[in-house]
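See structure below.
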Amino acid sequence: MTTALLSTADELHARVRHGRRAVVMTMGALHEGHATLIRTAREIAGRDGEVVVTVFVNPLQFGAGEDLDRYPRTLEADLKLAEQAGADAVFAPSVDEVYPGGQPQVRLSAGPMGERLEGATRPGHFDGVLTVVAKLLHLSRPDVALFGQKDAQQLALIRRMVRDLNFGVEIVGVPTVREADGLALSSRNRYLSPDERRTALALSRALFAGRDRHAAQEALRARAREVPSTHARAEALSAIGESRAAADAHAVATAAPGGPAAVRAAARQVLDEAGRVEPPLKLDYLALVDPSDFTEIGDGFTGEAVLAVAARVGTTRLIDNIPLTFGNLGAAS
């Protein structure tokens with residue numbers, strides 16, 4: 001197939017539509033993570049539908065001193081990757097096409113949820129994100145739009161915007177794609193030197209440490225529930241040589257720190273160690289939050305949660321996250 005390169009909304013609107021239109025929004029510098037989004041969009045749209053990839057580096061979401069000017073722009077390579085992944089069209093508008101007459105005077109506000117974590121570190125960032133996503137949804141007119149779960153707070157805010165403001169579009173989140181060593185794929189990874197990349201691996205290692213600590217704790221608690229600490233049961237276990245194992249399970253499940261505090265502690269230990277190497281990792285935040293509003297969860301929390309981290313290595317800022325489940329719903333995802 002040949003992927004069309006479009007630069008104006010009129011060109012996009014002139015395309016004949018037969019089935020569902022699925023849109024993947026990007027800032028370009030496409031990689032395998034984007035390709036996964038495009039392939040998923042192709043599956044959703046089907047043979048009769050249409051997949052559109054938007055490529056637009058949005059100035060509204062970059063703050064002072066951030067990397068707007070040096071953000072990689074690789075449109076020719078992006079077009080090739082999009083075509084290989086199954087896109088029908090790449091919509092790559094200019095700034096003037098998206099913001100005619102200059103930066104918009106009226107913008108969307110991300111509200112309190114947009115002021116936490118990424119929003120606290122980058123004030124106004126999510127206002128710019130939601131404004132451009134709303135614009136691109138109107139310009140591309142999709143039935144479904146796909147976003148990566150690596151940007152978990154962004155995805156949550158887009159879902160909230162679509163629900164709160166009655167956008168007629170389905171939002172689909174696609175799991176994070178990682179390199180073989182665990183580093184989450186990002187267009188900014190290309191900024192890292194070999195030494196910086198080794199330090200950056202601490203982000204995913206920290207998340208996995210938190211996940212593994214949670215899974216181990218859940219396994220111990222499940223074992224303790226299966227082996228009640230009654231005298232009769234203890235005698236029966238003793239007779240078959242299992243009393244010590246049962247006692248250990250009860251002791252660990254009762255005495256060892258568990259829940260959100262243990263998850264945070266396990267992840268923090270990895271990050272603290274990475275802060276002492278050369279080049280060091282400089283932590284922006286480590287958070288374990290409720291994905292509905294991105295507030296920190298407490299020890300009695302039950303349900304889905306997100307363990308999120310953001311840090312700088314050299315001049316490069318990276319983010320990552322993993323989902324976890326607390327309580328009777330299960331263990332780590």
Side-chain angles (χ1 to χ4, degrees), residues 5-9 23-31 33-34 37 53-79 81-82 90-110 114-140 145 147-148 150-155 157-158 161 183-193 196-197 200 203 279 282-285 308-321:
L5 178 60
L6 313 174
S7 59
T8 69
V23 165
V24 175
M25 295 187 188
T26 82
M27 291 206 301
L30 303 187
H31 50 64
H34 297 112
L37 285 166
V53 177
T54 69
V55 174
F56 180 66
V57 181
N58 176 36
L60 295 192
Q61 67 192 71
F62 288 81
E66 294 189 341
D67 58 346
L68 173 60
D69 291 336
R70 72 179 185 125
Y71 195 87
R73 291 160 172 83
T74 58
L75 184 56
E76 184 176 345
D78 293 344
L79 184 62
L81 183 147
V90 168
F91 177 47
S94 66
V95 174
D96 289 339
E97 178 72 14
V98 178
Y99 302 122
Q103 293 194 2
Q105 296 299 304
V106 177
R107 309 183 187 192
L108 286 173
S109 169
E115 296 171 357
R116 300 170 186 136
L117 300 189
E118 284 297 289
T121 303
R122 307 172 68 186
H125 169 70
F126 285 122
D127 293 353
V129 169
L130 293 186
T131 298
V132 77
V133 169
K135 292 271 289 185
L136 290 172
L137 286 174
H138 290 315
L139 291 172
S140 61
F147 298 87
K150 185 178 78 70
D151 298 293
Q153 191 174 5
Q154 172 181 284
L155 174 59
L157 279 162
I158 291 170
M161 176 187 74
L183 187 67
L185 286 175
S186 169
S187 299
R188 290 186 170 93
N189 289 352
R190 67 187 67 195
Y191 298 160
L192 299 169
S193 70
E196 289 171 342
R197 182 187 168 85
L203 272 75
K282 298 180 180 178
L283 183 66
D284 277 355
Y285 62 77
V309 63
R312 294 183 183 274
V313 182
T315 61
T316 304
R317 186 174 185 275
L318 300 171
I319 63 173
D320 201 353
N321 71 86

- Report the distance from atom CE of M161 to atom CG of L130, rounding to the nearest 0.5 Å. 5.5 Å

- Message: In the structure I gave you, are the side-chain heavy atoms of V53 and L79 within less than 4.5 Å of one another anywhere?
- Response: no

- State, to 0.1 Å, how close Q153 and G114 come at their nearest heavy-atom pair, and which atoms those are. NE2-CA, 4.5 Å

- Heavy-atom closest contact (A110 atom, L157 atom, distance): O-CD2, 3.8 Å

- Item | Distance-minimising heavy-atom pair for A134 and L108 | CB-CD1, 3.5 Å

- Listed partners of S193 passing side-chain contact (heavy atoms from CB on, under 4.5 Å), at least two apart: D195, E196

- salt bridge (charged side-chain N to carboxylate O under 4.0 Å, His left out) involving R312 - partner list, sequence neighbours excluded: none

- Task: Report yes if the side chains of Y191 and D67 come closer than 4.5 Å at any heavy-atom pair, otherwise no.
- Result: yes

- Heavy-atom side-chain contact between R122 and V129 under 4.5 Å: no

- Task: Give, for atom NZ of K282 and atom CZ of R317, the distance between the pair rounded to the nearest 0.5 Å.
- Result: 14.0 Å

- Reported CG-to-CE distance for the pair L37 and M25, which is rounded to 0.5 angstrom: 12.0 Å

- Message: Whether the side chain of D284 engages the backbone of E118 through a donor-acceptor N/O pair (distance < 3.5 Å, no angle test) should be reported.
- Response: no

- Taking side chain to side chain donor-acceptor pair (under 3.5 Å) as the test, write out the residues that go with R197, two or more places apart. E179, D181

Less than 3.5 Å apart, which donor and acceptor atoms pair up between the side chains of residues 56-63 and the rest of the protein, not counting sequence neighbours?
residue: N58; atom: OD1; partner: L60; partner atom: N; Å: 3.3
residue: N58; atom: OD1; partner: Y99; partner atom: OH; Å: 2.6
residue: N58; atom: ND2; partner: Q61; partner atom: OE1; Å: 3.0
residue: N58; atom: ND2; partner: G128; partner atom: O; Å: 3.1

- Query: After noting the C-alpha distance and the side-chain angles of D78 and V90, does the key distance pass the side chain to side chain contact (heavy atoms under 4.5 Å, CB included) rule?
  - Reply: CA-CA 9 Å; D78 293 344; V90 168; 6.0 Å; no

- With sequence neighbours left out, write down each residue that passes side chain to side chain donor-acceptor pair (under 3.5 Å) with D320, or none if nothing qualifies. R178

- Straight-line distance of L68 CG to M27 CE, nearest 0.5 Å: 8.5 Å

- Can you sort out the partners of H125 under ring pair (Phe, Tyr, Trp, His ring centres under 6.0 Å), two or more places apart, ordered by chain and number? none

- Task: With rounding to the nearest 0.5 Å, note down the distance linking OG1 in T121 to CD in E115.
- Result: 12.5 Å

- Might you point out which heavy atoms bring A200 and L192 nearest each other, and give the distance in Å? CB-CD1, 4.0 Å

- If you take all heavy atoms of G28 and H34, which pair is closest and at what distance? O-CE1, 4.0 Å

- Taking atom types as modelled, find out whether E66 and Y71 have a side-chain donor-acceptor pair closer than 3.5 angstrom. no

- Message: So which atom in P93 and which in V98 form the shortest heavy-atom distance, rounded to 0.1 Å?
- Response: CG-CG2, 3.6 Å

- Verify, without hydrogens or angle tests, whether H138 (side chain) and K135 (backbone) share a donor-acceptor contact under 3.5 angstrom. no

- Main-chain N/O of F91 paired to T54 side chain as donor or acceptor, under 3.5 Å: no

- Query: Of the options L283, I319, N321, which is the one that meets V309 in a side chain to side chain contact (heavy atoms under 4.5 Å, CB included)?
  - Reply: L283

